[in-house]
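Here is the naming used below: chain letters follow the sequence lines, and residue numbers restart at 1 for every chain. Worth saying up front: this structure is predicted, and the values here are computed from it rather than measured.
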Protein chains: 4
Amino acid sequence: MRDRAIPSNGPSRAAASGEVSPGGTRRRAERLEPAQRRRVILDAALAVFAESGFAAARMQDVAARAGIAKGTLYLHFEDKAALFEGLVRDAVDPVLGTMERELAAYTGSTRDFLTLLFRHLAQEAVHSPRRHIIRLMLGEGERFPALADFYYREVVARGLDLLRAINARALQRGEITSDAGLRFPQLLVAPLLVAAVWEGLFRRTEPLDVSAMLDAHAEVVLRGLGWREP
Amino acid sequence: MRDRAIPSNGPSRAAASGEVSPGGTRRRAERLEPAQRRRVILDAALAVFAESGFAAARMQDVAARAGIAKGTLYLHFEDKAALFEGLVRDAVDPVLGTMERELAAYTGSTRDFLTLLFRHLAQEAVHSPRRHIIRLMLGEGERFPALADFYYREVVARGLDLLRAINARALQRGEITSDAGLRFPQLLVAPLLVAAVWEGLFRRTEPLDVSAMLDAHAEVVLRGLGWREP
Amino acid sequence: MRDRAIPSNGPSRAAASGEVSPGGTRRRAERLEPAQRRRVILDAALAVFAESGFAAARMQDVAARAGIAKGTLYLHFEDKAALFEGLVRDAVDPVLGTMERELAAYTGSTRDFLTLLFRHLAQEAVHSPRRHIIRLMLGEGERFPALADFYYREVVARGLDLLRAINARALQRGEITSDAGLRFPQLLVAPLLVAAVWEGLFRRTEPLDVSAMLDAHAEVVLRGLGWREP
Amino acid sequence: MRDRAIPSNGPSRAAASGEVSPGGTRRRAERLEPAQRRRVILDAALAVFAESGFAAARMQDVAARAGIAKGTLYLHFEDKAALFEGLVRDAVDPVLGTMERELAAYTGSTRDFLTLLFRHLAQEAVHSPRRHIIRLMLGEGERFPALADFYYREVVARGLDLLRAINARALQRGEITSDAGLRFPQLLVAPLLVAAVWEGLFRRTEPLDVSAMLDAHAEVVLRGLGWREP
DNA sequence: AATGAATGAGACTTCATTCAT
DNA sequence: AATGAATGAAGTCTCATTCAT
């Protein structure tokens with residue numbers, strides 16, 4: 001067995017009798033708009049890659065979960081790596097764009113905006129189905145440099161830019177005094193990474209109240225940046 | 001079909017007799033104490049698993065890097081999963097124990113101790129060869145729940161306890177006023193996780209000055225906790 | 001270590017494109033109905049297992065003899081053991097059913113019926129391709145208890161029941177006087193086992209005239225059971 | 001796994017933790033007379049080969065059961081095949097020699113001698129540790145032609161000769177009238193083969209009263225050969 | 001477009017055999 | 001002589017990918 005140290009709980013393959021009966025009962029899947037079919041496949045792929053990681057994920061399982069035949073996958077994606085890339089690229093989310101636009105329009109206090117942002121990002125990093133993307137990047141990113149680059153550009157850099165903009169405005173408005181968040185915007189989102197990782201690894205052992213932690217973080221970091229009620 | 005009444009799958013004569021085949025001159029590795037051999041294997045395994053992740057790592061590569069034959073691996077580890085577990089378990093480090101003892105003996109300011117701690121942990125998480133362990137846990141941990149548990153107990157829980165102790169003492173001494181770090185010690189180490197991940201994924205795209213970031217973090221978080229020079 | 005981010009282990013281009021490599025011209029086998037393919041595989045498996053026994057048989061050889069690739073075997077049988085079981089189960093033959101029906105319809109003398117039965121069984125045990133099944137069961141049966149059970153139920157028990165019925169009828173008709181064959185029907189077929197084994201082991205050293213032996217057996221055993229011409 | 005369809009109940013190899021600790025506690029075995037050591041090894045080998053057949057038997061298990069190290073085996077036997085051959089050759093038993101001598105000296109009735117012979121052979125074929133040799137020959141004989149020859153010469157031919165001698169004398173004495181046993185002495189021992197096989201395969205499913213069967217056989221076959229109380 | 005049987009490279013693991021101690 | 005760590009060929013089984021239908 002290749003690597004089934006922890007057996008996946010996907011569809012079991014072993015007929016009890018040891019005889020394998022090929023030719024399942026699946027009917028020919030109905031023709032779908034390519035874009036819709038792509039959507040279905042990517043959703044299935046996210047689930048399977050999230051459960052197994054890249055190398056251990058089986059194309060067969062992706063196909064099964066998408067309700068199509070193995071061969072059909074290859075009509076939409078060149079190969080497994082392309083599917084993985086497609087998955088990550090596709091999951092890059094409108095959240096950032098939304099927040100960028102909201103920031104531009106926002107007139108309220110930075111404290112409130114930050115609270116809003118954390119809530120959005122926690123949603124994204126801890127509860128959305130896309131939360132798995134983060135773990136996948138952590139685990140496989142080093143072996144997909146092009147993908148890490150892409151992810152950096154599309155997600156990380158934009159996110160950090162957004163945070164810098166927030167900091168810059170807060171400084172300019174006199175809400176905070178420290179430029180630490182301008183120099184290292186990572187400090188503002190670091191707890192989100194902790195939350196994402198924790199949910200993946202230690203949730204069962206020791207649950208974490210993510211919201212409370214993020215509230216505490218907001219409080220600490222704002223005070224730490226020299227927050228002064230405007 | 002060739003006669004297989006007397007199969008011979010022992011070491012090939014050519015290899016055994018010391019002939020040199022072009023491109024592969026490996027001799028029989030010298031006999032080693034089991035503990036030493038184990039050490040050699042684990043070092044090799046760390047390198048290979050770090051580079052490839054669990055599923056994509058090849059036992060063959062581990063063996064080659066350890067300078068031994070494939071079969072020898074299995075004299076020391078039941079299978080690939082056991083090797084991986086052995087790797088993680090073995091890498092649990094004295095750093096925490098050291099810091100725990102140092103904290104007990106430390107009489108200086110919490111600020112200084114925190115600075116010291118960050119420097120130690122950054123060393124561990126960003127520069128030590130064991131830094132890969134963190135990424136491996138991030139990537140594979142969900143598929144090795146027993147290992148995640150172990151890692152939680154031996155590393156995470158102890159680390160968080162240490163941080164709680166630091167916070168409690170600082171509060172008691174009147175150095176800080178907020179109990180946020182007592183409730184969520186994760187906030188103190190979150191940037192270390194960021195650093196570890198960044199080095200793995202984005203180092204090439206956008207280097208990060210980890211020391212400077214950690215200094216900024218210390219400054220922000222201490223102020224955020226209500227730091228007052230004692 | 002070579003880059004394995006995008007491993008390729010699909011069919012090699014050379015093979016897929018129909019190039020001919022010297023010494024191995026195998027083309028992709030034509031698609032077959034699962035039942036037909038199964039038949040082909042089992043025939044090949046019988047040959048290979050018969051030649052080598054279970055442990056020494058190679059799946060590769062079964063595949064080659066079936067004219068398919070290794071992997072195809074596993075589309076039809078879970079593993080090697082399942083293939084072996086399928087082989088034995090499948091070989092359970094209509095001979096017994098036929099004889100059971102013939103006995104019910106037979107009105108001639110028991111002597112004649114027994115002669116007929118021996119001829120049939122000798123065919124089965126010494127000349128049919130299924131003769132190997134017997135030796136396989138002898139050699140491997142102890143390591144496949146479920147299979148031994150199955151074989152007992154489907155072949156041995158039914159065969160002995162048939163022999164008991166023959167004995168009972170002969171007694172009732174007054175053709176014989178001894179109930180030894182009723183109590184130990186095994187005695188009637190024991191020479192068939194000898195024949196099967198002899199052909200496998202000593203044929204080359206010392207050929208055995210199976211027909212003559214069975215004729216002698218019929219003569220001796222009938223007289224021994226108290227045969228009296230009806 | 002090579003073929004562990006039915007796991008041997010030999011010493012388990014899997015440490016629960018997955019870590020393998022080489023360097024057992026076995027002390028260096030005391031020096032033994034080569035002949036004695038050979039004896040110990042062959043006894044161990046019989047047990048292991050009987051349980052697993054040739055291909056699936058492990059030299060390691062033989063060594064362990066003999067209480068010696070793997071390497072030591074090779075001081076006494078060239079290789080695995082030689083060990084197997086040694087096993088079979090060595091197990092050729094004095095029973096035949098004894099019976100040959102007893103026949104020469106025997107003055108009683110053939111019926112009594114036959115009863116005695118059956119009892120001896122049943123002991124050999126069903127209860128002695130050497131009973132496994134028969135199954136081994138059945139299972140592996142075809143792949144060890146030299147061994148099958150040897151076995152034929154040393155056991156089968158001699159046994160059949162003995163039976164022919166018995167028949168010849170009985171005919172000459174007028175105890176029987178048929179020469180069927182002279183032409184096919186196999187008929188006399190066929191039930192022993194059945195007994196040996198039955199014990200190996202069907203004992204658990206359906207026990208067989210071997211003694212009673214052999215008594216019935218003696219009765220039937222003697223009567224069948226035209227037995228007349230002398 | 002969709003299917004899924006067929007393919008075969010390759011990974012893990014086993015174990016007969018060797019040989020330095 | 002005895003040992004057992006070391007070796008590596010070989011075997012089973014997996015699964016990404018292809019292609020005839």
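If you measure from atom CZ of Phe84(C) to atom P of dT12(F), you get 14 Å, rounded to the nearest angstrom. To the nearest angstrom, P of dT12(F) lies 11 Å from CG of Asp79(C). A straight line from CG of Leu83(A) to P of dA16(F) spans 11 Å, rounded to a whole angstrom. The distance between atom CD of Gln60(D) and atom P of dA16(E), rounded to the nearest whole Å, is 9 Å. In this structure, CG of Asp61(A) is placed 12 Å from C1' of dT14(F), rounded to the nearest angstrom. Here dA1(F) presents its P atom at 15 Å from CZ of Arg38(D), a figure rounded to the nearest Å. Distance, Lys80(B) NZ to dT14(F) P: 15 Å, rounded to whole Å. Separating the CD1 atom of Ile41(D) from the P atom of dA1(F) is a distance of 12 Å, rounded to the nearest angstrom.
An OP1 or OP2 oxygen of dA6(E) is reached within less than 4.0 angstrom by a side-chain nitrogen or oxygen of Arg37(C). Put simply, Arg58(D) has a side-chain N or O that comes within less than 4.0 Å of OP1 or OP2 on dC15(E). OP1 or OP2 of dA2(F) sits under 4.0 Å from a side-chain N or O of His76(D). Using a 4.0 Å cut-off, no side-chain N or O of Thr72(B) falls inside it from OP1 or OP2 of dA5(F).
With the 3.5 Å cutoff on both pairing distances, Watson-Crick and G-U pairs in DNA chain E assemble into runs of at least 3 at E:2-21 with F:2-21.
Residue contacts shown for Lys70(D) include a base, since a base heavy atom lies under 4.0 Å away. Leu73(C) comes within contact range of no nucleotide atom at all, as no heavy-atom separation falls under 4.0 Å.
Taking the side chain of Tyr74(C) as heavy atoms from C-beta on, and the options dT14(F), dT17(E), dT18(F), the nearest nucleotide is dT14(F). Among the nucleotides dT18(E), dC13(F), dA6(E), the one closest to the side chain of Leu75(C) is dA6(E). In the set dG8(F), dT7(E), dT17(F), dT7(E) carries the atom at the smallest distance from any side-chain atom of Ile68(C). Of the candidates dA5(F), dC12(E), dG8(F), dC12(E) carries the atom nearest the Met59(B) side chain, counting heavy atoms from C-beta on.
Take the nearest nucleotide of DNA chain E for Arg31(B) and for Glu30(C): the residue whose nucleotide is more 5' is Glu30(C). Comparing Gly71(B) and Glu78(A) by the nucleotide of DNA chain F that holds the closest heavy atom to each, the one mapping nearer the 5' end is Gly71(B).
Between the CZ atom of Phe77(A) and the CD atom of Glu85(A) there is a distance of 11.0 Å, given to the nearest 0.5 Å. Within the model, atoms NZ of Lys70(D) and CD of Gln60(D) stand 5.0 Å from one another, a figure rounded to the nearest 0.5 Å.
Residues meeting the side chain to side chain contact (heavy atoms under 4.5 Å, CB included) test with Phe84(D), sequence neighbours left out: Phe49(D), Phe54(D), Leu87(D), Val88(D), Leu136(D), Glu140(D), Phe144(D), Leu147(D). Legend: residues meeting side-chain hydrogen bond (donor to acceptor under 3.5 Å, both in side chains) with Glu142(A), ordered by chain and number and at least two apart, are Arg135(B). With sequence neighbours left out, the side chain to side chain contact (heavy atoms under 4.5 Å, CB included) criterion links Ala47(B) to Arg65(B).
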Under 3.5 Å, side-chain donor or acceptor atoms of residues 33-41 of chain A against the rest of the protein: list the pairs with distances, not counting sequence neighbours.
residue  : atom : partner  : partner atom : Å
Arg37(A) : NH2  : Glu30(A) : O            : 3.1
Arg39(A) : NH1  : Asp90(A) : OD2          : 2.6
Arg39(A) : NH2  : Asp43(A) : OD1          : 3.1
Arg39(A) : NH2  : Asp90(A) : OD2          : 3.3

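In the interface, the side chain of Arg28(B) is paired with the base of dT18(E) through a donor and an acceptor atom under 3.5 Å apart.
Of the options Leu83(A), Leu46(A), Leu42(A), Ile68(A), a side chain to side chain contact (heavy atoms under 4.5 Å, CB included) to Val62(A) is made by Leu83(A) and by none of the others.
Taking both residues in full, the closest heavy atoms of Ala56(D) and Ser52(D) are given as CB-O, 3.3 Å, listed atom of the first, atom of the second, then distance.
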